[in-house]
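So the structure is just underneath, and the comments pick up after that.
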Amino acid sequence: MLKNVSAVRLVDLSRPLTPAAEALREAEGVPLATADVQPPELAILDSMEPGGYAVVSQTCDVVRHVSVQPFIQLCPVRSIPADQLRQIQKYESTQFVWLPQLGEDQAADLTRTFTVEKSVLVGQEPIHGVETDEEIRNFAAVVARRFGRFAFPDDLHDSMVRFRSKIVSKHGKGSDEGSALRQIHQIRAEALPNWGAESIEVVLHFILEPTVLPEVETWPKGSPNLPSVSIVEAARNVATSSGTDGVKAWMALAHAWVSLCEPTGVIKSISAQVTTTELFSMEDIRRTEQLDMDYLSVSAGS
C-alpha cells in the first residue's frame, strides 16, 4: 500500500456522475448538459484517498527497468461496509479485492484503477496488504477475473433474472438458505455444446466447500429422481441432513434454485449439478465459466 499519492481521473463536468465531480462542476460554474449531442466539458479530477493506494501491477512489471516498463497501476484502498464484508472476504467480488494484512474491512477498489509512472514510488515505504501464499494467490485471482471475465450471452442474463434476485437477496441472510449459499465455493456455468451455438443447454455447477459433507466421497452425476420441494424446505433439509441424505438435500436445493430460471432465446434449458472443490477437476474448470457475485448483483435489476 502507498500513501501520499494523488489519483486523477477524466470527468465530464456537464454530466457529473459522482459527488466529487459535481463539487468540481459547481466550483467551475459549468452548467449541466441539456442534450445528448452537447459536447463534454472535460476536466481532470485530482483526489487523495485517505486509505492510500494498492499496487495491482504484476511484480515482474514493477521491478522491470523503467526504460522497458515505466508504468504501474494503482487503485484506492477503501473500508468496506459490514454488509459486504463476507462477500469480499470470500473473494466473490471483482469490484473489490480484500487486503487482509491491512484489516478485516480493507480492500482495493478495482473499479478505479489508474496508471502512474514508477517514479511516484520514490521515497515511499510500502505496506504489504497480502503476505501469505494463499493471500497472494487469492489477490491475483480476483485481479485476473476483474480484467478477464467471460462475456456470457445476453439471453443467459435474461433467463436468470429470478434466479439472480433470489441468490443475491438471500446470500447474506441468517436463514437456512443464506447459510447454504455461504457453503458454496463457486457457481460455474457450462454450455452444451458451446456458448456460440444457436441452441444452448446450460448446466450450473454448484461447487461446495470441502468442509461440506466431508464423509461423502462421490456425488451422483446427472439428475436423479428428486422429490419436488420448496426452496425453504430444501434449505432446511440441507441444514439438518448428512451423508447420503445430505447429498439428496443439496441436489434438491440446487434444482429448486435453478427452477426459478426461465430459458429464453438461444438458452433452451438450465439444469443443476452439485459437487465439491475436491471433486471438480481441472478439466471441469476449463470447460466452465464462473458466475461471480458481481455478475449476479449488477444484472439483477436489468
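Because the structure is a prediction, the values reported are computed rather than measured. All values below come from the heavy atoms of this structure, side chains included, with hydrogens, waters and symmetry mates left out.
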**OP:** May I ask you to check whether F139 and Y91 place their ring centres under 6.0 Å from each other?
**Re:** no
**OP:** Taking the six-membered ring for Trp and the single ring otherwise, decide whether the centroids of W257 and F206 are under 6.0 Å apart.
**Re:** yes
Under 3.5 Å, is there a donor on one side chain and an acceptor on the other for [X] and [Y]?
X    : Y    : value
S79  : Q106 : yes
Q87  : E92  : no
S179 : D176 : no
T115 : Q73  : yes

**OP:** Given side-chain contact (heavy atoms from CB on, under 4.5 Å), test V143 with Q58 step by step and report yes or no.
**Re:** CA-CA 10 Å; V143 174; Q58 291 187 328; over 6 Å; no
Subject >> Full working for side-chain hydrogen bond (donor to acceptor under 3.5 Å, both in side chains) between R9 and T18 >> reply: CA-CA 12 Å; R9 66 179 185 266; T18 63; 3.1 Å; yes
**OP:** Might you work through the side-chain hydrogen bond (donor to acceptor under 3.5 Å, both in side chains) test for E135 and Q101, ending with a clear yes or no?
**Re:** CA-CA 9 Å; E135 290 171 355; Q101 295 296 325; 3.1 Å; yes
For [Y], is there any backbone N or O sitting under 3.5 Å from a side-chain donor or acceptor partner on [X]?
X    : Y    : value
K118 : R64  : yes
S165 : V161 : no
K166 : V258 : no

**OP:** If the plane angle is over 60° it's perpendicular, under 30° parallel, otherwise tilted; pick one for F150 and W195.
**Re:**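 F150 and W195: tilted rings.
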Original post:
Within a radius of less than 6.0 Å around CD of E198, do more than 12 heavy atoms belonging to other residues, nucleotides or ligands occur?
Top reply: no
